[in-house]
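Notes follow the structure.
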Amino acid sequence: MADFETHQYDVVVVGAGGAGLRAAIEASAEGARTALVCKSLLGKAHTVMAEGGIAAAMGNVYPEDNWKVHFRDTMRGGKMMNDWRMAQIHAQEAPERVHELERWGALFDRTDDGRILQRDFGGHRYARLAHVGDRTGLEMIRTLQNNAVHRGIDVFMECTITRLLTSEAGISGAFGYWRESGRFVAFSAPAVVLATGGIGKAFKVTSNSWEYTGDGHFLALTVGADLIDMEFVQFHPTGMVWPPSVRGILVTEGVRGDGGVLRNSLGDRFMFEYIPEMFRTETAETEEEADRWYTDKKNARRTPDLLPRDEVARAINSEVKAGRGSPHGGVFLDISSRRDADYIRRRLPSMYHQFKELADIDITTAPMEVGPTCHYMMGGVRVDPETQQSTVPGLFAAGEVAGGMHGANRLGGNSLSDLVVFGMLAGRHAAEHSTASGSPAPVPEEVLDGHAEEALAPFNEHGEENPYSIQNDLQECMSSLVGIIRTESEMLEALDRLKVFKERLARVHVEGHRQYNPGWHLALDLRSLLTVSECIARAALERQESRGAQTRDDFPTTDDQWGKRRVVIRQQDGEVVVSQEPLSEMPEELRQLVEEEG
Amino acid sequence: MSEAVTLRIWRGDAEGGEFREYQTSTSEGEVILDVIHRIQAEQANDLAVRWNCKAGKCGSCSAEVDGKPCLLCMTRMDLFETDETITVAPLKAFPVSRDLVTDVSLNYELAKKVPPFNPVPPEPDGTYRMQQIDIERVQEFHKCIECFLCQNVCHVIRDHDDNKKHFAGPRLFIRVASLDMHPLDATDRKDLLADELGLGMCNITKCCTEVCPENIRITDNAIIPLKERVVSRRYDPVVWLGRKLRSRT
Ligand SMILES: Cc1cc2nc3c(=O)[nH]c(=O)nc-3n(C[C@H](O)[C@H](O)[C@H](O)COP(=O)(O)OP(=O)(O)OC[C@H]3O[C@@H](n4cnc5c(N)ncnc54)[C@H](O)[C@@H]3O)c2cc1C
Ligand code: SF4
Ligand code: SF4
Ligand code: FES
C-alpha cells in the first residue's frame, strides 16, 4: 500500500479563489466540517490579479440601473447562449454580495455621497463596476481570506487534487498530493465543490498563471459530469505585447472605462468601423458622441471602444492583419492624451506601475501597445443554476470552472460577481447535500493505490520526454490552430497533434525526487491540459458558426439554428464524446427585457 | 538579440544545499523570473520556485538576488551587467523547503491571532457611507500582496530566530493597522499589539518600508501611529475609557 494521509470532511472545496473561498465560508457557516484545498499559497489564486472591478447593479452612479438592465447586458454580451436562469440569479444577487464584502471589511472606492463608486466597462450600459483602483481582485480575495481564517475551515495549501473519488451514490472524496513533500492525501467527503478556475495555459499568449491547466474541467469529466460551451474561450483584447517576456499580461478594460481609446498606426479610432448590427443602436457613431458618453449616458451612446470583448479582440486582429498595427504587432491604447496624469495614476495605479517597471513606458505620457491574450474560459462544468450541482450527485462547481453563466462571451466584471454569487450557492447546497447523504462509503485501498501509482508514473518510466517541451508545443499548437480565428482543417490538424502529445506525455520523464518538484507537477497538470485542449477543439469543430468568442473562418456568420443549441461534452469509455442539445427556453418576460433596444 | 548570462542559484532543502551555476541566455525586457524559468525548462526541470501573476500582483515570487530581497518577476535583467554572475537565494528569514521556496506558514498562523473585522451597524438601508478621504489610509494598507519581504528584512526576525514567537512583524502590523484605522471597525486590538504581537520590539529602522514592493509606508503610516495609540491608550485613562465604552455599544 502506498503511504498517504487521510481526512474526513463534510465538504471539500477544491480551489481558493473568490469562488472557493466564498463556498467554503458558506459551507462552514451551514455547520459543515469544511476543507479548502489549493495549488498555491492562500491568497495567490487568480482572483488576486483581477483588476477592473466587480459588476453589480447597485445604481449608485446611475439610479436607472437595476438587475433587469444588468441581466439584459449579460445575455446580449453572451450572444444569448447564457443559461438564462444563472444570468438572472447573478444579476439579482450581485448587489447583495458586494455589500456583504463591505460588511466583511472590503473598502471600495467611494462616490461623493459616500457610497460605493461604480465604473464603466465594456458591454455594461451603465457604470456598474464596484472597484478599488485597478486592484479589485486583491481587495476581494483578502476580504474573503481574512473572513475564512476565523471560521475553523481547514486550509490545505500547496496541495493539488489529481483525482475525484466516487462510489455508486456519487462523489465520495478527492485524492491529491502535497506539493512540498510530494506525499499523498485522500479526502473522504460526500460533497466536493470544484472552484479551480480556467484553462489559459493551453495557449501561448495568456493572462493566466501556471495554475490554469483546466484541472477542475478534467476532474469533472473523468467522473462523468457534463461540460458545456467548451468552444467559448475568451481572448481579452488588451494584453501587453512588448517586451516579449510580458506578452499576454493583462491591461485592464478599466483603461477604456476611464477614457482610454484604441488607435491604429494611422492614429485612427478604428473601433467605429467594427460596430456589429446587434449593438448598432446602442453604440456611438461619432467620436464626439463617444466622448460625451463618459459623462452623459442619457443623451449619448457608448463608445465602440467598450464593445464586448469578442468584438474588440476581432477588430484588433483585423487591424493588425491589414498592416495597421503597432511596431510590435498590436495596436495603441491611449489614455495619456485624454486624461491628466494625476487622474491616470489615481485610477490606474497598478497599470501605471506595470508599464513603468516592465516596459519602460509612462502611460501618462505615451500610449500602450496592446493585443489579444487568452483570458477566460466561458465553458465548463454544467451545473444546476439553483444549486450549482453538476450532473454527478455531490459534485458542485462554481466560478470560472462552471459553465453556462457567461454564454458565448463574458462581460468584464461579471466574473468577480459570479464567484461570490455562485460560490455562496455552491457552498450552501454542498453542505445540505452532505447532511442529507451522510458519510460516504470508504474508497477501496486498491483504488487509492492506483491513483498514487498513476501520479508517480513520471518518475518510474524510462521516458525521455521533457514536460516543459510538451507544454510549449501544445501552446504553439492551440494558439495557431484553435485560437481567435478557427477553421475546420486547422482544428482537425490540432486534434491529430493532440494525439501525439498524449503519446509523448505517456513517455514523460521527470528528474529529481517528490519534494517540491515543478517538473513533476507540470507532468501531472499536463493530463488535464491536454484533455481540456481536446474538448475545446472538438466543441469548436462541432459549432459550425461564428458567435461570441468562437470565430470560424469557414462559417463566418451566426446561424439562428445554432443559436438554439449547446455543445455538450462527456467522457465515455475514456473517450471524449461531443453532442448537441437544445437550449432551455427563456420565459417571455425575460425575453422582452433582452430584446429591448439600447 | 539574446545575450549569455550566468546565474548562481541555491539548490537544496532543509537539510542543506549549495549554489549551482547555470549558463543560459536572456533577451530584451526580461525579468529574472524569465531566466529562471528558462533554466527550469531546459536544464533543471525540478528547480523549485514560486510564482503566479508575473506582474507584481500576487506576492509569490519573493527571493534574494545578490543579497537583495525582491520580487523575481519585477526585477529586470537590465539592472545587471551581462558579464557578472547573478546570485539567487531563498528568503533568509524563513526555513527553506526546497531551492527558492521557503516555508512561510508562520505568517498565516500569526494572521489567525488577529481578531477579525467587527463592523458597526449599517445605515437603515443596510449599507454604509464612508468618504473617500477617510478610507485612503486603510486602502494603502490593503495594497499588501503578502510577499513577506518586509518580514524577511526586519532584523528583529531575521537575526533572532527566537523572536518569531513574540514578534509578529511588519506585515502583521499592517494588518492590525488596517483594522484599527478602518472607519467601520469597533474592536480594540491594542493589548494584543503590545502583549502578544510585540509591537514594542520594533525600533523603527524602516527597513521594511524600504523593501515593500507596494510602496506601503509601513513604518510612518502604520507602525508609528499604532505605537502612539498603544501608548495613549495605556496611559491616558480618559481615552482608554472612552474607547472601551465605544467598543461596547
Ligand atoms: C489579470 C486578470 C484580471 C482580471 N480582471 C477581472 C476583473 O476586473 N473583473 C472580473 O470580473 N474578472 C476579472 N478577471 C477574471 C477573474 O479574475 C477570474 O475569472 C476569477 O478570479 C476566477 O476565480 P475562481 O475563484 O473561479 O478561480 P481562481 O481565483 O483562479 O482560483 C482557482 C483556485 O483553484 C486552485 N486549483 C486549481 N486546480 C487545482 C487542483 N487540481 N487542486 C487544488 N487546487 C486547485 C488554485 O490553486 C486556485 O486556488 C481577471 C483575470 C485575470 C487573469
Ligand atoms: S521598522 Fe520595525 S518592523 Fe520595520 S524593519 Fe525596522 S524593526 Fe522591523
Ligand atoms: S507590507 Fe509590503 S513588503 Fe510587507 S508583505 Fe505587504 S506588500 Fe510585502
Ligand atoms: S509572480 Fe506574482 S508577484 Fe511575482
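Numbers restart at 1 for each chain; the letters A, B, ... are given by sequence-line order, proteins then strands.
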Task: Test side-chain contact (heavy atoms from CB on, under 4.5 Å) applied to R50(B) and E158(A), step by step - done: CA-CA 10 Å; R50(B) 282 196 184 104; E158(A) 301 201 305; 2.7 Å; yes

Task: Per-residue contact mode, V101(B) against chain A (heavy atom under 4.5 angstrom) - done: side chain

Open item on the list: Report which part of D134(B) has an atom under 4.5 Å of a heavy atom belonging to chain A: side chain, backbone, both, or neither.
Closed with: neither

Open item on the list: Could you tell me if K44(A) sits above the aromatic ring of Y108(B), with its cationic atom closer than 6.0 Å to the ring centre and no more than 45 degrees from the axis?
Closed with: no

Task: Step-by-step side-chain contact (heavy atoms from CB on, under 4.5 Å) determination, S350(A) to K57(B) - done: CA-CA 9 Å; S350(A) 92; K57(B) 295 188 169 71; 3.7 Å; yes

Task: side-chain contact (heavy atoms from CB on, under 4.5 Å) between Q139(B) and D109(A), intermediate numbers included - done: CA-CA 9 Å; Q139(B) 282 187 329; D109(A) 288 350; 2.9 Å; yes

TODO: Go through L179(B), L33(B), T127(B) and name the one with the most non-hydrogen pairs under 4.5 angstrom from chain A.
DONE: T127(B)

Task: Where W51(B) and W210(A) come nearest, the two heavy atoms and their spacing - done: O-NE1, 2.7 Å

- [ ] Mind checking the SG-CD spacing from C53(B) to Q354(A)? Nearest 0.5 Å is all I need.
- [x] 9.0 Å

Task: Greatest number of heavy atom pairs closer than 4.5 Å to chain B - which of D113(A), V246(A), V510(A) - done: D113(A)

TODO: Between chain B and each of E357(A), R142(A), H513(A), count heavy-atom pairs under 4.5 Å; write down the option with the most.
DONE: R142(A)

Open item on the list: Out of R135(A), E211(A), E139(A), return the one with the most heavy atom pairs under 4.5 angstrom to chain B.
Closed with: R135(A)

- [ ] Could you tell me which portion of P121(B) (side chain, backbone, both or neither) has an atom closer than 4.5 angstrom to a non-hydrogen atom of chain A?
- [x] neither

TODO: Please name the pair of heavy atoms, one in G126(B) and one in R103(A), separated by the smallest distance, quoted to 0.1 Å.
DONE: O-NH1, 4.2 Å

Task: Test item: N466(A) side-chain N/O and A41(B) main-chain N/O as donor-acceptor pair under 3.5 Å - done: yes

Task: Minimum-distance pair of heavy atoms, taken over all atoms of N45(B) and E511(A) - done: N-OE1, 4.1 Å

Task: Contact leader toward chain B among S209(A), S245(A), G43(A), G133(A), where contacts are heavy-atom pairs under 4.5 Å - done: S245(A)

- [ ] Examine whether an atom of N472(A) lies under 4.5 Å from a heavy atom of chain B, and if so say whether it belongs to the side chain, the backbone or both; otherwise answer neither.
- [x] neither

- [ ] Indicate yes or no for a side-chain donor-acceptor contact from W520(A) to the backbone of D46(B) under 3.5 Å, with no hydrogens or angles considered.
- [x] no

Task: L107(A), part contacting chain B, at a heavy-atom distance under 4.5 Å - done: both

Task: R110(A) and R129(B): CA distance, side-chain angles, deciding distance, side-chain contact (heavy atoms from CB on, under 4.5 Å) verdict - done: CA-CA 9 Å; R110(A) 316 307 292 182; R129(B) 301 286 181 280; 5.9 Å; no

Task: Part of N208(A) within contact of chain B (heavy atom distance under 4.5 Å) - done: neither

- [ ] Heavy-atom pairs under 4.5 Å with chain A are the metric here; pick the option from V138(B), D13(B), D99(B), V49(B) that has the most.
- [x] D13(B)

Open item on the list: Using heavy-atom distances under 4.5 Å, tell me whether V104(B) contacts chain A through its side chain, its backbone, both, or neither.
Closed with: side chain

- [ ] Could you look at A45(A) and say if it's the side chain, the backbone, both or neither that has a heavy atom under 4.5 Å from chain B?
- [x] neither

TODO: Measure N52(B) against the heavy atoms of chain A and call it side chain, backbone, both or neither at under 4.5 Å.
DONE: both

TODO: For H150(A) and V114(B), indicate whether the former's side chain and the latter's backbone hold a donor-acceptor pair under 3.5 Å.
DONE: yes

- [ ] Check each atom of E136(B) against the heavy atoms of chain A and say whether the ones under 4.5 Å are side chain, backbone, both or neither.
- [x] neither

Task: Contacting region of L47(B) [heavy-atom separation from chain A under 4.5 Å] - done: backbone

Task: Engaged part of F108(A) at the chain B interface, taking heavy atoms whose separation is under 4.5 Å - done: backbone

Task: Any P518(A) side-chain heavy atom under 4.5 Å of Q40(B) side chain - done: yes

Open item on the list: At a 4.5 Å cut-off on heavy atoms, which part of M240(A) comes close to chain B: side chain, backbone, both, or neither?
Closed with: neither

Task: Check: Y128(B) and H99(A) side chains under 4.5 Å, non-hydrogen atoms - done: no

Open item on the list: Between Q131(B), E146(B), K112(B), who has the most heavy-atom pairs with chain A when the cutoff is under 4.5 Å?
Closed with: E146(B)

Open item on the list: Tell me which of these, L138(A), N146(A), V48(A), has more heavy-atom pairs under 4.5 Å with chain B than the rest.
Closed with: N146(A)

- [ ] Against chain A, label H182(B) side chain, backbone, both or neither, depending on which of its atoms sit under 4.5 Å from a heavy atom there.
- [x] side chain

- [ ] Find out whether L358(A) and M74(B) are in side-chain contact, i.e. whether some heavy atom of one side chain is under 4.5 Å from a heavy atom of the other.
- [x] yes

- [ ] Let me know if A111(B) has heavy atoms under 4.5 Å from chain A in its side chain, its backbone, both or neither.
- [x] backbone

TODO: Measure L42(A) against the heavy atoms of chain B and call it side chain, backbone, both or neither at under 4.5 Å.
DONE: both

Task: Structural part of P116(B) lying under 4.5 Å from a heavy atom of chain A - done: both

Task: Q515(A) portion near chain B, given a 4.5 angstrom heavy-atom threshold - done: both

